[in-house]
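Any value given below was found using the heavy atoms of this structure, including those in side chains, with hydrogens, waters and symmetry copies removed. Just so it is clear, the model here is predicted, and its values are computed rather than measured.
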Amino acid sequence: QVQLVESGGGLVQAGGSLRLSCAASGRTFSSYAMGWFRQAPGKEREFVAAISWSGGSTAYADSVKGRFTISRDNAKNTVFLQMNSLKPEDTAVYYCASRSRTRVADYASAYDYWGQGTQVTVSS
């Protein structure tokens with residue numbers, strides 16, 4: 001049973017930073033690509049960032065490029081999302097996801113397992 005548990009969300013002022021973590025268990029973490037998605041109230045879930053099994057390849061949504069950084073620590077079965085220069089429009093529930101492939105993907109249906117999400121609220 002694959003489990004993904006996000007942490008690190010919270011309330012931050014615009015311009016601030018947060019670091020999200022996602023701890024994975026239940027299968028060989030280092031073999032698979034991971035991603036972050038987010039969903040704001042009344043909106044569809046959208047891609048944020050993804051990282052390949054080795055960390056050698058990453059992908060970002062245009063809206064977060066230059067501000068967010070995805071990384072992973074395969075020894076600790078954890079993927080991170082460092083979020084800097086946060087904006088009110090970044091407010092959403094952020095979800096960690098795992099796919100059964102090694103390469104990155106930027107669409108939700110490519111991912112097989114999902115965490116419960118962590119709330120990020122950015123005040124203006």
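- For the 3.5 Å distance criterion, the side chains of T91 and E89 fail to qualify, holding no donor opposite an acceptor.
- Summarising the geometry, atom OG1 belonging to T58 is positioned 12.0 Å from atom CZ belonging to R72; distances are rounded to the nearest 0.5 Å.
- Pairs of residues two or more places apart, or lying in two chains, that qualify as ring-ring contact (aromatic ring centres under 6.0 Å, His included) and include a residue from residues 78-124 are F37-Y111, F37-W114.
- M83 places a side-chain heavy atom less than 4.5 Å from the side chain of V120.
- Clustering of Ile, Leu, Val, Met, Phe, Trp and Tyr side chains at separations under 4.5 Å leaves W53 isolated, with no partner residue.
- Between D90 and K87 there is no salt bridge, since no side-chain N of the basic residue sits under 4.0 Å from a carboxylate O of the acidic one.
- No side-chain heavy atom of R103 sits under 4.5 Å from any side-chain heavy atom of S52.
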Can I get a per-line list of side-chain donor-acceptor pairs under 3.5 Å for residues 20-30, giving both atom names and the distance, sequence neighbours left out?
unit_1, atom_1, unit_2, atom_2, d
R27, NH1, S100, OG, 2.9
R27, NH2, S98, OG, 2.7
R27, NH2, R99, O, 3.0

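- The shortest distance between side-chain heavy atoms of I70 and Q82 does not fall below 4.5 Å.
- Partners of K43 according to the side chain to side chain donor-acceptor pair (under 3.5 Å) rule, which considers only residues two or more places apart in sequence or in another chain, do not exist here.
- Grouped by direct or indirect side-chain proximity (heavy atoms under 4.5 Å, Ile/Leu/Val/Met/Phe/Trp/Tyr only), V5 sits alone.
- In terms of the side chain to side chain donor-acceptor pair (under 3.5 Å) criterion, Q116 has no residue partners (sequence neighbours excluded).
- Distance check: N77 CG to M34 CE gives 9.5 Å after rounding to the nearest 0.5 Å.
- Contact check for V48 versus L81: side-chain heavy atoms found under the 4.5 Å cut-off.
- Contact of the V64 side chain with the R38 side chain is registered, since non-hydrogen atoms from C-beta on lie closer than 4.5 Å.
- A donor-acceptor pair shorter than 3.5 Å can be found between the side chains of S17 and N84.
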